[in-house]
Amino acid sequence: MGARPLLLVDVDGVISLFGFEPDAAPAGDWTSVDGHAHLLSATAGEHLRRLSESFELVWCTGWEEKANEHLPHALGLAGPIPHLCFTQPAEACRTHWKLDAIVEHAGDHRPLAWIDDTFNEACHAWAAARPGLTLLVPTEPHVGLTAEDVAMLERWAQAQRERATVVQRPSP
Ligand SMILES: [Mg+2]
């Protein structure tokens, strides 16, 4: 059994929701991080618990280490979860400010899925050219990660497992 695929998880716009009308806030719990109020999606914890059975979760968020200070406890997740660090200022990145850290962590070949609300053209071009299987899962920031996203990700991970089994089966 090979390593599970990676699942890179953004927080703002995926777990922490924004952009909704003030009188139409989605279901969730408000939490304060460094004096800023964040609405954590009511379903995010259960979604991530399910996905952790098929994937190795990695925080891929500007929250960096703060994700572990606040989120596993708030979401009822086993933690801490590995997190990426972004050393380059966003304006210095020619492509997308998360890509260098993702490449450094994941390499070119390990299957990975990435959930984010701010993919740009560079992300899609990188994913299309990456040798390893790569899935980008876009979210709407006022909705975040959905049950449909989770079901699709589970099917994708299942396909990876079946593919790995075929590859590893010795020829007769
Ligand atoms: Mg985001």
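We count ligands from 1, going down the list as the structure has it; atoms in each ligand are counted the same way. Heads up: numbering here begins at 1 and tracks the sequence.
- Put simply, Asp116 stays out of reach of the Mg ion (ligand 1), with no N, O or S atom under 2.8 Å from it.
- Contact check for His38 versus Trp63: side-chain heavy atoms found under the 4.5 Å cut-off.
- The aromatic rings of Trp126 and Trp114 sit perpendicular, their planes meeting at an angle over 60°, well past the 30° parallel limit.
- Residue-level check: among N/O/S atoms of Asp10, OD2 sits closest to the Mg ion (ligand 1).
- Taking a cutoff of 4.0 Å between a charged side-chain nitrogen and a carboxylate oxygen, Asp34 and Lys66 qualify as a salt bridge.
- Atom O is the N, O or S atom of Asp12 at the shortest distance from the Mg ion (ligand 1).
- Restricting Asp117 to its N, O or S atoms, the one at the least distance from the Mg ion (ligand 1) is OD1.
- With values rounded to the nearest 0.5 angstrom, Leu51 atom CG is found 11.0 Å from Arg4 atom CZ.
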